[in-house]
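Protein chains get the first letters and strands the later ones, always in sequence-line order, with residue 1 at the start of each. All figures in this text were calculated on a predicted structure; none of them were measured in a lab.
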Amino acid sequence: MMRRSIAAAAVLLAVSVSLAWSEAKAEAVFTEGKVDRKNASGKLSELEIGDKLSFGESVITGKASSAELKLSSGTSSIKIRPNTVFTIGERGTGPDRQTVLQTVVGQAAMKFERLGTKEPLVGTSSCIAGVRGTEVEILAAMDGTSVIAVRSGAVRLESGGESVDLAANEAVEVRPGQAPGPKFAWIGKELDFSAWDKGKLEGYLADPVASAAKVGEQLAFYRASMDALIPELAKQKAAYDDAYARLKELVDAKKDDEAQKLREAEVFPLMQAQGTLILNIRYYALTALSLRRYVLGGMYVELKTRHPKGAEDPAFAPFLAVYSKLLADFETGIVPQLVEADI
Amino acid sequence: MKKAFAIILAVAAMAVLFSTCKKEAEPTTVDECISNFMDDINSTDRSEVYENLDSGSAQYNEAKATIFWDYALFPTTQIPYSLSSQSESGSTVSANLTSNGGLYSGTSIVFTMGEDSDKNAVISKITISGTVRFQ
């Protein structure tokens, strides 16, 4: 029964989430050090206690800074650790709407009260998970690798087209573009993010080309997810065009009652279905943008500062070649679904 | 004479400048917001539609895409769109929506309004024929 409930909570894009949760926003209840908020229009300002955060907003903590958010839908809370970019997002529309709490880089601890079907999705730029009455710790390294560690409750995590169920005291590491790694026991002690992240940085510096290629796989996954929806959108558009042509005939014939029935039964639902697909396509595009901006961009900066000669440096050139290829792929595959206001 | 003319010109320029600044400082009213929104959906360039929306809306980021408005709510083939029987009650504006091609024909539309940090009226939710289509 429990397993079935978890699965139901985690069926991505198909699960119905109550309106009450979907409209939830968060409030900053604690800040320490330099903490910024970035709104959906890209405007940056200092996060202050009592500030209400909306969908599309990010919290950015600096070194030795942290923040705590309380979700306005209940007593659920999110602790955002230093050097973290945390975003409150959403995907889907209508009954498919789901809140996505994304730790893009850094570390966050989340505690969700058991809210029936109201739990959100949580994730990083490389994985996404459905939660149920969960206390979960999420770590996202500079190379896009994530760790999802469950303190209590249950999580179903999905990445690289595969999923894994995690129970209390279990954790899993996920590399960008890859299926979840093997589960490992986590006895509930504090995870040492700085040591782990340092290890990931060292691993990245040892083989930056391989790390960038993994991010490339994750970007390719987002692109494939988007591309899979585009034919469906074309199909819905054709169905709408057909329904509208029939509506137009009824309107021209002044058969108002029949026209109204057709609007309600077919035309409006088809328009809404198109809207859902477009918003989902946009979700993948915006998540890919975060990955490109915060993870791939971070990789470039880390390596460039160590090799200021750039392309002339043989230790930098191979990475630059992969990086440039990924940017070119991003330009052709993702950017068409972005708009100027996103950037 | 030239000096007097220059002074008059400068004073006039200052007056225009101040009146413009004052106008810009006024927050956008609910009526202006709805009017701006209708102007934007009646343009084939939908790139500014999102500027009338509440940036705290769940779908704000996604709805920056012009294709969303064209496919899901206001196809450009239906321009012009018009509102009739517009009335304001509390935080909502109700009206009947009509489009050129008959997609909408006196269809009920309700705008739920909010305010941004500069006290400008913004659209938080759009409900058409009883179904929430943007929020």
Side-chain angles (χ1 to χ4, degrees), chain A residues 19 22-25 39-43 45 52-57 87-94 97-99 233 236-237 240-241 244 247-252 256 259-260 263-264 267-283 285-286 337-342, chain B residues 40-41 45-78 96-109 112 114-118 120 122 124-135:
Chain A
L19 199 61
S22 294
E23 288 177 344
K25 298 177 185 180
N39 73 12
S41 299
K43 188 178 168 189
S45 59
K52 302 277 193 300
L53 289 155
S54 304
F55 292 104
E57 289 201 276
T87 299
I88 304 172
E90 194 181 71
R91 67 182 189 179
T93 186
R97 295 174 65 206
Q98 285 181 287
T99 301
L233 181 60
Q236 294 282 357
K237 178 72 166 68
Y240 162 79
D241 287 343
Y244 173 69
L247 173 67
K248 187 75 169 67
E249 284 175 16
L250 294 173
V251 168
D252 291 344
D256 295 345
Q260 188 55 24
R263 281 188 192 98
E264 300 289 346
V267 179
F268 291 167
L270 283 165
M271 292 174 78
Q272 195 160 8
Q274 291 179 93
T276 300
L277 285 168
I278 290 164
L279 296 178
N280 285 336
I281 290 168
R282 290 270 299 152
Y283 167 80
L286 291 168
Q337 304 303 336
L338 297 174
V339 295
E340 200 177 323
D342 296 330
Chain B
D40 288 337
I41 65 161
D45 175 7
R46 296 324 194 22
S47 61
E48 293 180 358
V49 173
Y50 81 94
E51 292 177 1
N52 303 294
L53 308 173
D54 184 348
S55 65
S57 301
Q59 297 165 344
Y60 178 79
N61 262 332
E62 283 80 357
K64 285 176 183 170
T66 58
I67 188 177
F68 173 73
W69 301 101
D70 193 25
Y71 277 48
L73 281 160
F74 303 107
T76 51
T77 51
Q78 296 285 314
N96 294 326
L97 174 67
T98 298
S99 64
N100 182 45
L103 174 61
Y104 299 113
S105 177
T107 307
S108 154
I109 184 167
T112 303
E115 265 186 7
D116 67 14
S117 55
D118 296 324
N120 295 303
V122 285
S124 299
K125 183 158 74 174
I126 300 172
T127 306
I128 295 179
S129 199
T131 303
V132 175
R133 304 290 287 278
F134 167 81
Q135 65 182 348

Next item on the list: For the pair W69(B) (side chain) and A63(B) (backbone), establish whether a donor and an acceptor sit closer than 3.5 Å, ignoring hydrogens and angles.
Entry: yes
Notebook entry, point to check: Which residue out of K237(A), Q260(A), K248(A) racks up the most heavy-atom pairs below 4.5 Å with chain B?
Noted result: K237(A)
Notebook entry, point to check: With distance as the sole test, does T66(B) use its side chain to make a donor-acceptor pair with the main-chain N or O of S47(B) at under 3.5 Å?
Noted result: no
Checklist line | Part of Q78(B) within contact of chain A (heavy atom distance under 4.5 Å) | finding: side chain
Notebook entry, point to check: Do you know the tightest heavy-atom contact between L338(A) and L286(A)?
Noted result: CD2-CD2, 4.0 Å
Note to self: Could you work out, with side-chain contact (heavy atoms from CB on, under 4.5 Å) as the rule, every residue matching A259(A), not counting sequence neighbours?
What the structure shows: L247(A), L250(A), V251(A), R263(A)
Item checked: Under 4.5 Å from any heavy atom of chain A - which part of F134(B) -> neither
Margin query: At a 4.5 Å cut-off on heavy atoms, which part of Y71(B) comes close to chain A: side chain, backbone, both, or neither?
Written below: both
Item checked: Under 4.5 Å from a heavy atom of chain B, the part of Y244(A) involved -> side chain
Next item on the list: Using atom types as modelled and distance alone, determine if a side-chain donor or acceptor of D252(A) lies under 3.5 Å from a backbone N or O of E249(A).
Entry: no
Next item on the list: Return the option, out of D256(A), L233(A), I281(A), with the maximum number of heavy-atom pairs under 4.5 Å with chain B.
Entry: L233(A)
Notebook entry, point to check: How would you list, by chain and number, every residue that makes a side chain to side chain donor-acceptor pair (under 3.5 Å) with T107(B), sequence neighbours excluded?
Noted result: none
Next item on the list: With a 4.5 angstrom heavy-atom cut-off, could you sort out which part of E264(A) is near chain B: side chain, backbone, both or neither?
Entry: side chain
